[in-house]
Amino acid sequence: MKEYIAKNVHNSVFSDLSQAVGCICRGTDFFDAPKLGIAKQPTPEQMIFKVREFMEKNHLSKVYCATEDARIYQCFCRVFGDSLIPNMQKKYDGNDGKFLADVNKERNIDVYAINKQYFLSLYLVTRCHSFVGGNVSGTNAVLMMDNNFKDYFVFQIGVVSSVDVELYKSEHLFEF
């Protein structure tokens, strides 16, 4: 894993993340196969609002968004344009109400390769100046890892209810 990270971090795009807000935006399992009672995740709109707030507050010019959800990533592309540092990890355009692990199995996706991409993405988040994340295991990981965070925020917005499940089924979640 160390070799994989070292090989991929030397890319000039990732050379200086000190002017970036790093964020973790889970989507697929949380929005496509939500379970009642689990930690509610911020919508793309909520996350983008908070990232903008952190950029202004900390005088930052870049954003790195760790996400596996293509729909969320496209929202970030539309809003941040050239300020968005590319995330090369595999992204999914929804998962038809199935858990990501099941989708990977059905599509014969190399889970080892996907996990390496995920860990690289988490590592890149830790190199950022500031951090914004939902209440997910990736957030816990980057907060426990050696990181450069001068400021951070973790959404604590309750647990998923039946009302949230209906909202998550709406494609409007990704349009704002």
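- Here CZ of F155 is found 10.0 Å from OG1 of T139. Values are rounded to the nearest 0.5 Å.
- In plain terms, the two heavy atoms of G37 and V159 that are nearest each other are O-CG1, 3.4 Å.
- Two residues are said to be in side-chain contact when any heavy atoms from C-beta on lie closer than 4.5 Å; V51 and F80 meet this criterion.
- Under the 6.0 Å distance and 45° angle rule, K50 does not count as a cation-pi partner of F54.
- Heavy atoms of other residues, nucleotides or ligands lying less than 6.0 angstrom from NZ of K90 number more than 12.
- Between the CD1 atom of I24 and the CE atom of M47 there is a distance of 8.5 Å, given to the nearest 0.5 Å.
- Distance check: T67 OG1 to K91 NZ gives 8.0 Å after rounding to the nearest 0.5 Å.
- Other residues, nucleotides and ligands contribute only 12 or fewer heavy atoms inside 6.0 Å of the CZ atom of F49.
- Among all heavy-atom pairs drawn from S130 and L60, the shortest one is OG-CD1, 3.7 Å.
- In the model, S137 has no side-chain atom that pairs as donor or acceptor with a side-chain atom of N140 under 3.5 Å.
- Within a 6.0 Å radius of OH in Y152, no more than 12 heavy atoms belonging to other residues, nucleotides or ligands are found.
- One distance of note links CG of D93 with CG of D69; it measures 7.5 Å at 0.5 Å rounding.
- Taking 4.5 Å as the limit, every side-chain heavy atom of S18 sits out of range of all side-chain heavy atoms of N148.
- By the 6.0 Å contact criterion, CG on D110 is enclosed, its count of non-hydrogen atoms from other residues, nucleotides or ligands being greater than 12.
- With H129 as the partner, the side chain to side chain contact (heavy atoms under 4.5 Å, CB included) test is satisfied by one option alone out of H59, M55, Q19, K150: K150.
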